[in-house]
Amino acid sequence: MQVWTDVSQVPTGWGPSVVTLGNFDGVHRGHVAVLTRMVDDARAAGAHAVAVTFTPHPAQVHRPDDAPPLLLGDADRLELLAGTGLDAVLLVTYTLDFARQSPEEFVRRYLVGALRARTVVVGRDVRFGWQNSGDLSTMRELGERYGFEVEVIDDVRPGQAADDTPAHRRWSSTWVRELLAAGDVRTAADVLGRPHRVRGVVVHGDARGRELGYPTANLGPTAGMVPADGVYAGWLRRGERSADGSAVPVADRVLPAAVSIGTNPTFAGRERRVEAYVLDRTDLELYDEEVVLELVDRLRPTLRFESVDDLLVQMAADVRDVRRELGTTVPPGA
């Protein structure tokens, strides 16, 4: 998949294209269903399939004080978009200047001029251009003027809801945020179609876990919404290369982990942290390495213990619970 970060990077003569636009935060099952269908339609028509998306999220520009937390950083969003079969993504830097374009200016420059759109795929609630003044009827009018078709997609909903999943509710980023805020990463994975992930670089912590026999990888600033405090079963994913450039053995690239999120109240901690203990491994050197944590299930809330001995008893129980939760199954995508 080609990734362009500016319209000037689109190759001359690119197209024809089937184009869709959106934020695609989380790249959840609704997004994937629409994008894979769009890719199939583009292939059948002999056209390229392209998604136009934005960074940062427009809400972070227009209302930074109350913008919703992003489910994914750009690296993970692009990786998951590539998995749908798209030929290209145009990742537009969203600024106030960009937002001042009229709907027609946006369509003419991006969709028609650069991507040579044959079909534009949008939802019924599409909004674009200055002050969101462009809507579905605007897109249809511009399609007639500039020679592209407009395909409207309806909300995608679960075909068969689980016992505790409302059948009427569509897959959405908002729903995932609500679930993560409650710590319900298992249901969030049903909506996402995969475990929720948090990415960050491993930094030095207090080394308290190592002293207790459970060395943890502490993440610095993270990309991806951090769910509610608690202890989670999950997977720690590494890249092909460690921070020093050495090759990471294949067997060490996806590792079972107990993940703690919270302030460590037993030791009067104040800073909220995300840290992961890789089961049965005390030999890993992950400092300065970027890793991804995939959260499978929340085992318990964060608790304050009266003594270190009580904490150690619970940590041993947590490890047993993680082992039971993850079992011997092959981690997703390994």
Side-chain angles (χ1 to χ4, degrees), residues 1-27 31-32 34-62 67 70-123 126-130 132 134 138-139 142-143 145-151 173 199 223-224 239-241 290 292:
M1 183 184 79
Q2 297 190 52
V3 177
W4 308 307
T5 56
D6 188 87
V7 69
S8 64
Q9 297 172 356
V10 180
T12 302
W14 176 271
S17 299
V18 176
V19 182
T20 190
L21 54 150
N23 295 306
F24 306 111
D25 187 25
V27 193
H31 294 142
V32 171
V34 169
L35 291 170
T36 52
R37 187 180 72 189
M38 188 189 90
V39 168
D40 290 342
D41 291 346
R43 297 283 185 274
H48 298 300
V50 183
V52 179
T53 190
F54 311 98
T55 185
H57 192 290
Q60 294 180 315
V61 174
H62 292 292
L70 294 182
L71 298 176
L72 291 173
D74 286 341
D76 289 297
R77 184 163 52 130
L78 290 171
E79 178 184 318
L80 292 166
L81 287 173
T84 67
L86 286 166
D87 296 300
V89 168
L90 176 55
L91 183 64
V92 178
T93 300
Y94 193 92
T95 64
L96 291 176
D97 282 342
F98 173 84
R100 291 189 182 98
Q101 295 178 101
S102 70
E104 184 170 2
E105 287 172 330
F106 169 73
V107 167
R108 186 175 62 243
R109 183 181 182 197
Y110 288 82
L111 306 188
V112 178
L115 300 174
R116 294 176 59 210
R118 172 185 291 175
T119 303
V120 176
V121 180
V122 295
V126 64
R127 292 291 186 275
F128 62 103
W130 173 240
N132 280 336
T138 310
M139 187 68 80
L142 293 170
R145 188 177 308 167
Y146 288 102
F148 60 83
E149 295 183 358
V150 177
E151 180 181 343
S173 303
R199 180 184 294 264
E240 296 182 3
R241 296 279 171 182
E290 185 176 68
V292 173

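Predicted, not measured: the structure shown is a model, and the values here were computed from it. We use all heavy atoms of the structure for the numbers below, so side chains are in, but hydrogens, waters and symmetry mates are not.
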Asks: Once side-chain hydrogen bond (donor to acceptor under 3.5 Å, both in side chains) is applied, do any residues pair with Ser8, and if so which ones, sequence neighbours excluded?
Replies: Asp6

Asks: Less than 4.5 Å apart, any side-chain heavy atom of Leu142 and any of Phe128?
Replies: yes

Asks: Please enumerate all residues that pass side-chain contact (heavy atoms from CB on, under 4.5 Å) together with Thr95, with sequence neighbours excluded.
Replies: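 With neighbours one apart ignored, the set is Thr93, Asp97, Phe98.
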
Asks: Please list every donor-acceptor pair under 3.5 Å in which a side-chain atom of residues 79-90 meets a protein atom from a residue at least two apart or in another chain.
Replies:
from  : atom 1 : to     : atom 2 : distance (Å)
Glu79 : OE2    : Arg197 : NH1    : 3.3
Thr84 : OG1    : Leu81  : O      : 2.7
Asp87 : OD2    : Arg43  : NH1    : 3.0
Asp87 : OD2    : Ala49  : N      : 2.7

Asks: Verify, without hydrogens or angle tests, whether Thr20 (side chain) and Val122 (backbone) share a donor-acceptor contact under 3.5 angstrom.
Replies: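 Between the backbone of Val122 and the side chain of Thr20 there is no qualifying donor-acceptor contact (under 3.5 Å).
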
Asks: With rounding to the nearest 0.5 Å, note down the distance linking CG in Leu72 to CZ in Phe24.
Replies: 13.0 Å

Asks: Locate the shortest heavy-atom distance separating Ala75 from Arg199; write the atom from each residue and the value.
Replies: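 Taking every non-hydrogen atom into account, CB-NE, 4.3 Å.
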
Asks: I would like to know whether Leu115 and Val52 meet side chain to side chain contact (heavy atoms under 4.5 Å, CB included); could you show each step before the answer?
Replies: CA-CA 10 Å; Leu115 300 174; Val52 179; 3.7 Å; yes

Asks: Pair Glu104, Tyr146 - check side-chain hydrogen bond (donor to acceptor under 3.5 Å, both in side chains), show working.
Replies: CA-CA 10 Å; Glu104 184 170 2; Tyr146 288 102; 2.6 Å; yes

Asks: Is there a donor-acceptor contact under 3.5 Å from the side chain of Asp25 to the main chain of Leu71?
Replies: yes

Asks: Might you point out which heavy atoms bring Val10 and Ala114 nearest each other, and give the distance in Å?
Replies: CG1-O, 3.4 Å

Asks: How are the rings of His48 and Trp14 set relative to one another: parallel (under 30°), tilted (30 to 60°) or perpendicular (over 60°)?
Replies: parallel

